[in-house]
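Everything below concerns the one structure shown next.
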Amino acid sequence: MLSTMPRIESCFIVFTDKIQSKMGEGTFGQVLECWDREKKEMVAIKIVRGIKKYREAAMIEIEVLQQLGKHDKNGNRCVQLRNWFDYRNHICIVFEKLGPSLYDFLRKNNYRSFPIDLVREIGRQLLDCVAFMHDLHMIHTDLKPENILLISSDYVKVPDYKSSSRSPKDSSYFKRVPKSSAIKVIDFGSTTYERQDQTYIVSTRHYRAPEVILGLGWSYPCDIWSVGCILVELCTGEALFQTHENLEHLAMMERVLGPIPQHMLKRVERPAEKYVRKGRLDWPEGATSRESIKAVQKLHRLQNLVMQHVDHSAGDLIHLLQGLLRYEPSERMTAREALRHPFLSRDHFRR
């Protein structure tokens, strides 16, 4: 892939004194940390591959960010667009520089959970951003820990009491906790405006709503489902639904959340109708392997999963998650309703 990218130094000679480091790389291209000599600040520059679908996504992202920027006057919800340019068929987007993604923070922390008060603060900000986008008739469609960035890279090390059997001299006895809970949402290349009967597949697998998998059409509630999955992951340290196959994914949902409503299964059409048999999910009969069945069986009910990791506020959090993870999209909480939930009440916040 890198051979298709322009010579980076010549691409940014006008904008930067030097490239500090590569911040990330993906199928779309790469992100570089650079010094903006005009504004005298560090920036992140996303260099998009010169391939039609990636260029189109980049132009969508630019348009969405410009719209969001017009309405988000304080710039505290979504990553800020600084500039963009087209260099030898590569869209280059200049952003403010932020800290690590929630996923990267979890990974470097050995996938250990965030403190519940931090989950609350991050959840409130995330839902505030989603409500803001939904008010503007926008659906993000790809919310996941990789697309939520901490504003600061600073963290402190605290004893991990769940590892209390270890000696304090053991580095795994301590876990990292971000100094600041402030976050911003990124990656708007898949964002779409509300339309009727959208049925194409959206969202990264682990955060994909049931209506998307079943081909029933989707709208704003698909973002809400993703938020629910993200909050569980922050509480436990691990993705809620770790799967790469549709039927197994749906079976995992039933294991954690109970049966999928029959009226949803009855409306399923091709190609998702193969997941349903005699009015119910074709599981475990339709499983591809014993390992798949075991992967589903080892999952816990949502209440038990949360209570394993949360010492206080567990009841409020479980109630909120049950509202975010309702199967029927029309019954799922909206972002504005979720923001009024007792778990996210400002009374809980640390001062």
Side-chain angles (χ1 to χ4, degrees), residues 26-27 101-104 106-107 110-114 126 140-148 187 190 199-218 221-262 264-265 267-277 280-309 318 321-322 324-329 332:
T27 54
S101 72
L102 295 183
Y103 174 77
D104 283 337
L106 279 169
R107 179 174 55 83
N110 295 318
Y111 299 98
R112 285 184 286 196
S113 59
F114 282 87
L126 178 55
H140 188 286
T141 79
D142 197 19
L143 294 169
K144 55 184 177 179
E146 291 92 329
N147 287 341
I148 304 163
D187 199 345
S190 302
T199 57
Y200 60 91
I201 297 297
V202 290
S203 306
T204 298
R205 160 69 70 189
H206 300 343
Y207 312 94
R208 188 175 293 157
E211 67 270 21
V212 178
I213 300 171
L214 293 170
L216 300 177
W218 51 265
C222 76
D223 279 346
I224 302 300
W225 180 276
S226 300
V227 172
C229 294
I230 291 165
L231 293 184
V232 174
E233 187 166 346
L234 297 183
C235 286
T236 65
E238 297 181 346
L240 178 56
F241 302 117
Q242 298 188 45
T243 177
H244 298 284
E245 196 272 320
N246 283 339
L247 180 58
E248 181 183 86
H249 194 172
L250 293 165
M252 285 181 165
M253 291 179 184
E254 290 205 329
R255 181 77 176 177
V256 174
L257 301 166
I260 296 171
Q262 277 206 328
M264 289 180 69
L265 296 177
R267 287 168 42 216
V268 168
E269 297 180 1
R270 288 184 179 179
E273 61 187 8
K274 61 189 174 188
Y275 309 133
V276 180
R277 186 178 176 88
R280 66 172 185 85
L281 206 61
D282 187 24
W283 187 269
E285 295 80 5
T288 54
S289 67
R290 280 185 185 172
E291 288 69 28
S292 182
I293 294 171
K294 287 178 183 176
V296 172
Q297 286 176 338
K298 75 176 185 181
L299 290 176
H300 299 281
R301 296 286 291 185
L302 181 67
Q303 298 93 312
N304 297 335
L305 191 63
V306 171
M307 290 174 72
Q308 283 176 15
H309 293 87
I318 291 165
L321 291 171
Q322 287 170 334
L324 300 175
L325 295 172
R326 286 188 186 132
Y327 286 119
E328 176 56 62
R332 214 169 288 158

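All of these numbers come straight from a predicted model, not from anything done at the bench. What you see below is based on every heavy atom in this structure, not just the backbone, and it leaves out hydrogens, waters and symmetry mates.
- Side-chain contact check for Ser101 and Asn147: no donor-acceptor pair (N or O, by modelled atom type) lies under 3.5 Å.
- Met253 and Tyr327 get closest at one heavy-atom pair: O-OH, 3.0 Å.
- Between Trp218 and Tyr200, the angle of the ring planes goes over 60°, which puts this pair in the perpendicular group of the 30/60° scheme.
- No side-chain heavy atom of Leu214 sits under 4.5 Å from any side-chain heavy atom of Arg267.
- A salt bridge between Arg280 and Glu254 is absent, with no side-chain N of the basic residue lying under 4.0 Å from a carboxylate O of the acidic one.
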Stepwise side-chain contact (heavy atoms from CB on, under 4.5 Å) check, His249 with Gln242: CA-CA 8 Å; His249 194 172; Gln242 298 188 45; over 6 Å; no

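- A 4.5 Å side-chain heavy-atom check between Glu238 and Arg112 finds every atom pair outside the cut-off.
- Here the side chains of Asp282 and Lys274 are not in contact, with every heavy-atom distance at 4.5 Å or above.
- We find that Arg270 and Glu273 are joined by a salt bridge, their nearest charged nitrogen and carboxylate oxygen being less than 4.0 Å apart.
- Separating the CG atom in Asn246 from the CD1 atom in Ile201 is a distance of 7.0 Å, to the nearest 0.5 Å.
- Using a 4.5 Å heavy-atom threshold, the side chains of Arg255 and Trp283 count as separate.
- Using a 4.5 Å heavy-atom threshold, the side chains of Tyr207 and Pro145 count as touching.
- Counting heavy atoms from C-beta outward, Ser113 and Thr236 have side chains that stay 4.5 Å or more apart.
- The distance from the CG atom of Leu299 to the CG atom of Asn304 is 12.0 Å, given to the nearest 0.5 Å.
- Atoms OG and CG, on Ser226 and Leu143 in that order, are 5.5 Å from each other to the nearest 0.5 Å.
- Rounding to the nearest 0.5 Å places CG of Leu321 at 9.5 Å from CG of Leu305.
- A heavy-atom distance below 4.5 Å is not found between the side chains of Lys144 and Tyr103.
- The salt bridge (charged side-chain N to carboxylate O under 4.0 Å, His left out) check on Arg277 picks up nothing, with sequence neighbours excluded.
- In this structure, the side chains of Ile224 and Pro329 stay at 4.5 Å or more apart for every pair of heavy atoms.
- Atom CG of residue Leu240 and atom NE2 of residue His300 lie 12.0 Å apart, to the nearest 0.5 angstrom.
- Taken from CZ in Phe114 to NE2 in His309, the straight-line distance is 13.5 Å, to the nearest 0.5 Å.
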